2 protein chains.
Amino acid sequence: MTVAGTQTPRERYRAQLRAEIKQRAWEQIATAGAPGLSLNAIAKQMGMSGPALYRYFAGRDELITELIRDAYRSLADALRTAAASGADLAGLGHTLRAWALEDPQRYFLVYGTPVPGYEAPEDTLVIASEIMNVLLDAAQPPGTAASTPPDGHPDTRLEAHLAQHRQWAADHPAAPAALRRALRFWTRLHGILSLELAGHFTGMGLDPAELYDSELRHLSQ
Amino acid sequence: MTVAGTQTPRERYRAQLRAEIKQRAWEQIATAGAPGLSLNAIAKQMGMSGPALYRYFAGRDELITELIRDAYRSLADALRTAAASGADLAGLGHTLRAWALEDPQRYFLVYGTPVPGYEAPEDTLVIASEIMNVLLDAAQPPGTAASTPPDGHPDTRLEAHLAQHRQWAADHPAAPAALRRALRFWTRLHGILSLELAGHFTGMGLDPAELYDSELRHLSQ
DNA sequence: CGCTTACGTTAGAAGTTATAACTGGCCGCT
DNA sequence: AGCGGCCAGTTATAACTTCTAACGTAAGCG
């Protein structure tokens, strides 16, 4: 939040205004979703008229890109902090769900429906791999060491594939079994979480937390 | 597709034009996503000017709702047809993925990011439960009968919850274990599928089909 | 203290959804 | 067969949107 010392008043003001714009953008997104975000409305809220915002963001797309970047960062930070506090895989799972429920539309900004033309900027890929690294750290249990752990379902075919395609974990020494565990953690929890946030369980009378916890229990058996 | 006999020419024409509008809408959605759908553009494509479309759809929202309904129907039909052809749970899994890959944006229309304000019409709930019924049919293996099958992970806590909250399967005699299997099938495959369609695996060098098949193998061990 | 920079303004173009009012032609009924 | 009503599609308009361009003003920098 606080910034480095040497900074001209103009830069100060500029950073402050950019932050306020983003904050209002988040409020709009939380209530109306990403497609409901309107630069004009934000400008009016801030007491200035329309095109003024273009001094601070090149356009709607750049603002949204910035928000996506921040969302990614926020998730990576949340997970990294939890891991630093000694959270295991289950703990990370709870952190993930808490982060998602805190602002569902923020979750969807990262993991939701993509716009066909949109290309994610380079640095989100970096953050994504940061996230995977946190998961990989937790996926190889520090206590339960050794090569063939009392693990649920080895699936040699998948692990063979993962052993050959591990660019995404190039800078992490995790074994194929850990890769598999981290990946499963991600895809399975995302499956439940995204359906929950989209409201697909509400009409069914199910408690999403129950499903989520069950999956989590199973994941870190 | 073909319609009942007694139908005035006007109704014929009307139905035909509605169909053409929807078809063009699908094309737009496939290339630009749901937010990129423009009634005006469709009208221009069809050689008529703007507000003419309002004769056929009350507005953009109604058109999209109609498309969502059709997408739901299409998925339910695909799964029901596969099941009728003797597909087991794994077969339904492949049907689901094929249906999703056929038109990713159609999948997202059903299972993607929801617009906060939007309320799904009643009949999509009916279709959703149709889908769950197909899954439930396949989730209680016809060969593998009995009460305590050689099933992977019972999780009595989850099954207790499912036994008490089964409104969504009220008209299906499936046992809690089958409910659990159908639900897991849905949430886990959706997890992988939605991440694949959103392109989250492409930058990682992973083959989504490999992940999907592995999960499928594990699901119907 | 003056000059430059950049901030915010208004004007306007090109879109969008959606409503209102009007016209022309087709359909159906007598 | 012919007339009348309904309905499709039109243009005009309002209220939005993003975004560009040109312009003044004021604030900060040297």
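Predicted, not measured: the structure shown is a model, and the values here were computed from it. Quick note on labels: first sequence line is chain A, next is B, and so on, each numbered from 1.
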Compare the minimum distances between each of [options] and the side chain of [X], then state the nucleotide with the smallest one.
X        : options                   : value
Pro51(B) : dT19(C), dG8(C), dT18(D)  : dT19(C)
Ala52(A) : dG8(C), dT10(D), dC19(D)  : dG8(C)
Met48(B) : dT10(D), dA18(C), dG8(C)  : dT10(D)
Thr8(A)  : dT10(D), dT19(C), dC29(D) : dC29(D)
Leu39(B) : dA18(C), dC23(D), dT17(D) : dA18(C)

Below 4.0 Å: OP1/OP2 of [N] and any side-chain N or O of [X]:
X        : N       : result
Arg14(A) : dA6(C)  : no
Asn40(B) : dG15(C) : no
Tyr13(A) : dG8(C)  : yes
Ser38(A) : dT17(D) : yes

Identify whether any heavy atom of Arg60(A) sits under 4.0 Å from a base atom; if not, whether one sits that close to sugar-phosphate; answer base, sugar-phosphate or nothing.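 Contact class for Arg60(A): sugar-phosphate only.
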Heavy atoms only, 4.0 Å cut-off, all strands: where does Tyr56(B) land among base, sugar-phosphate and nothing?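 Sugar-phosphate: the residue Tyr56(B), judged by heavy atoms under 4.0 Å, touches backbone atoms but no base.
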Whole-Å distance between dA20(C) P and Arg55(B) CZ?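 Rounded to the whole Å, the gap is 12 Å.
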Report the distance from atom CZ of Arg12(B) to atom C1' of dG28(C), rounded to the nearest whole Å.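 Checked: the CZ to C1' distance equals 17 Å.
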Name the residue closer to the 5' end of DNA chain D, choosing between Ala58(A) and Arg10(A) according to the nucleotide with the nearest heavy atom.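 Checking each residue's closest nucleotide, the 5'-ward one belongs to Ala58(A).
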Polar side-chain atom of Thr187(A) near backbone of Leu183(A) as donor-acceptor pair, under 3.5 Å: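 Pair found, side chain donor or acceptor close to backbone of Leu183(A).
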Regarding Trp99(A) and Ser74(A), is there a side-chain donor-to-acceptor distance under 3.5 Å anywhere?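 Trp99(A) vs Ser74(A): donor-acceptor pair found between side chains.
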Regarding Glu27(A) and Gln23(A), do their side chains bring together a donor and an acceptor under 3.5 Å, going by distance alone?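 Glu27(A) vs Gln23(A): donor-acceptor pair found between side chains.
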Salt-bridge test for Asp77(B) and Arg80(B): reply yes if a basic N is under 4.0 Å from a carboxylate O, no otherwise.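 Yes.
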